[in-house]
Amino acid sequence: MSDFDQYEDRELFDILDRELERQNTTIQLIASENFTSPAVMAAQGSVLTNKYSEGYPGKRYYGGNSVVDEAEELARERGKALFGAEHANVQPHSGANANLAAYLALFQPGDTLLGMRLDQGGHLTHGSPVNISGRFYRFVSYGVTESDERLDYDEIRDLAKAERPKAIIAGATAYPRIIDPQPLRDICDEVGALLIFDAAHIAGLIAGGAHPNPVPLADVMTFTTHKTLRGPRSGTIVCKAEHAKAIDKAVFPGLQGGPLMHVVAAKAVAFREAAQPSFRDYAAAVVANAQALAKALAGEGFRLVSGGTDNHLMLVDLRPFDAELTGKVAQDVLDRAGITLNKNTIPNDPRSPFVTSGLRIGTPAVTTAGMREAEMAEIASLIGRALRNRSDDAALAEIRDSATNLCSKFPPYH
Ligand code: DSN
């Protein structure tokens, strides 16, 4: 047994202590982040990190896998049960890998696919030209309407009829409304396409019954496990039985080598946690908090893209609040005020993705910490104050104290 312990490496573990301090004392509003449970972290920091397990349970390339086989089997069964799926592959290291594995399993290079525009809320792996998805496949993008900034399923149908894609990729990273799987399924059936639903952001809302479950309608659903689902940083694919073999082959050996079995074990823990009745309360509270925060921000003079939210996030158009204020500046100012979130393009943003006119704000983490509607009103007020007083260092320091004081009542980790 190695005689090194974590207390010896102060150089690194001091950094971890400072990050713990940051997470405990500043307000976490990044829509794709959450606070995992100690059980998830214990599994992720376990001896399973030591094991090589290329292959699948019962069919591995190395010996000594009988115990980890049980962990992967448990994760698969729990993942299937959580979403009512016929098959689960719990090995993707990330959501991006899960998406690429789905494409590798089901499409040929050059095939036409429909995906949501990145600058209107889609994801890099939904066909961005700088991503492998956009280089290997012929992606055609759909977006939101100018009038109400929502998906228009009739427009998607027209596009699908014109382009005859092999699949429609649904899902988003910055879209504050429910994505209805039924009209997408209908369109896919009309044009003979597969439906791939990337539920990375909303997997926890689906598991908690706050959003419609695409699994009965989609051929494949991919998701990350660390956002609203509140598990380890990773990905998973669930699919119809008919695609199981192709999906498994695409994940390994198609795209990845040895799975991260400690992370697979942590996924098993997270799936169990998400199946508890209390997780339904959590998912409902995430949405209620987002709606309360959106309403309070509108009261501060911000414009909410699409007028509000029905999920865990909102997109804030800063221009009515202050035409000169960019997302980049707002993110930096709020960082100094102890409020963590990210700049984001809004639909038809005149500014670049590095500057932007918007912010993306999410409630999964603050809800896990125990904050509810009253705290959302307080957070909106802090955001408004900070951005109005962005050149005033003393005011920002005061707001940071208020943020720390609020967090001290809701520490995610003791
Ligand atoms: N980076 C993730 C997000 O924040 O939404 C998407 O991959």
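FYI, the numbering just counts along the sequence from 1. What you see is a predicted model, and the numbers here were worked out from it, not measured in a lab. Every number for a ligand or one of its atoms is a count from 1 in the order of the listing.
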Taking only distance into account, with no hydrogens and no angle test, what donor-acceptor pairs under 3.5 Å do side-chain atoms of residues 238-246 form with protein atoms, sequence neighbours excluded?
from   : atom 1 : to     : atom 2 : distance (Å)
Lys240 : NZ     : Val215 : O      : 3.1
Lys240 : NZ     : Pro216 : O      : 3.0
His243 : NE2    : Asp219 : OD1    : 3.4

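- Considering only heavy atoms from C-beta on, Lys343 stays 4.5 Å or farther from Asp332 through its side chain.
- Ion pair Asp17/Arg10 flagged as a salt bridge, since at least one NZ, NE, NH1 or NH2 atom sits closer than 4.0 Å to an Asp/Glu carboxylate oxygen.
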Quick one: ligand 1 N/O to protein N/O pairs below 3.5 Å?
from     : atom 1 : to     : atom 2 : distance (Å)
ligand 1 : 4 (O)  : Ser32  : OG     : 2.6
ligand 1 : 4 (O)  : Arg360 : NH2    : 2.8
ligand 1 : 5 (O)  : His201 : NE2    : 2.6
ligand 1 : 5 (O)  : Arg360 : NH1    : 2.9
ligand 1 : 7 (O)  : His123 : NE2    : 2.8

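- Qualifying ring-ring contact (aromatic ring centres under 6.0 Å, His included) partners for Tyr52, counting only residues two or more places apart in sequence or in other chains: Tyr62.
- By the salt bridge (Lys or Arg N to Asp or Glu O under 4.0 Å) test, Asp322 pairs with Arg390, sequence neighbours left out.
- A donor atom on one side chain and an acceptor atom on the other are not found under 3.5 Å apart for Arg351 and Thr356.
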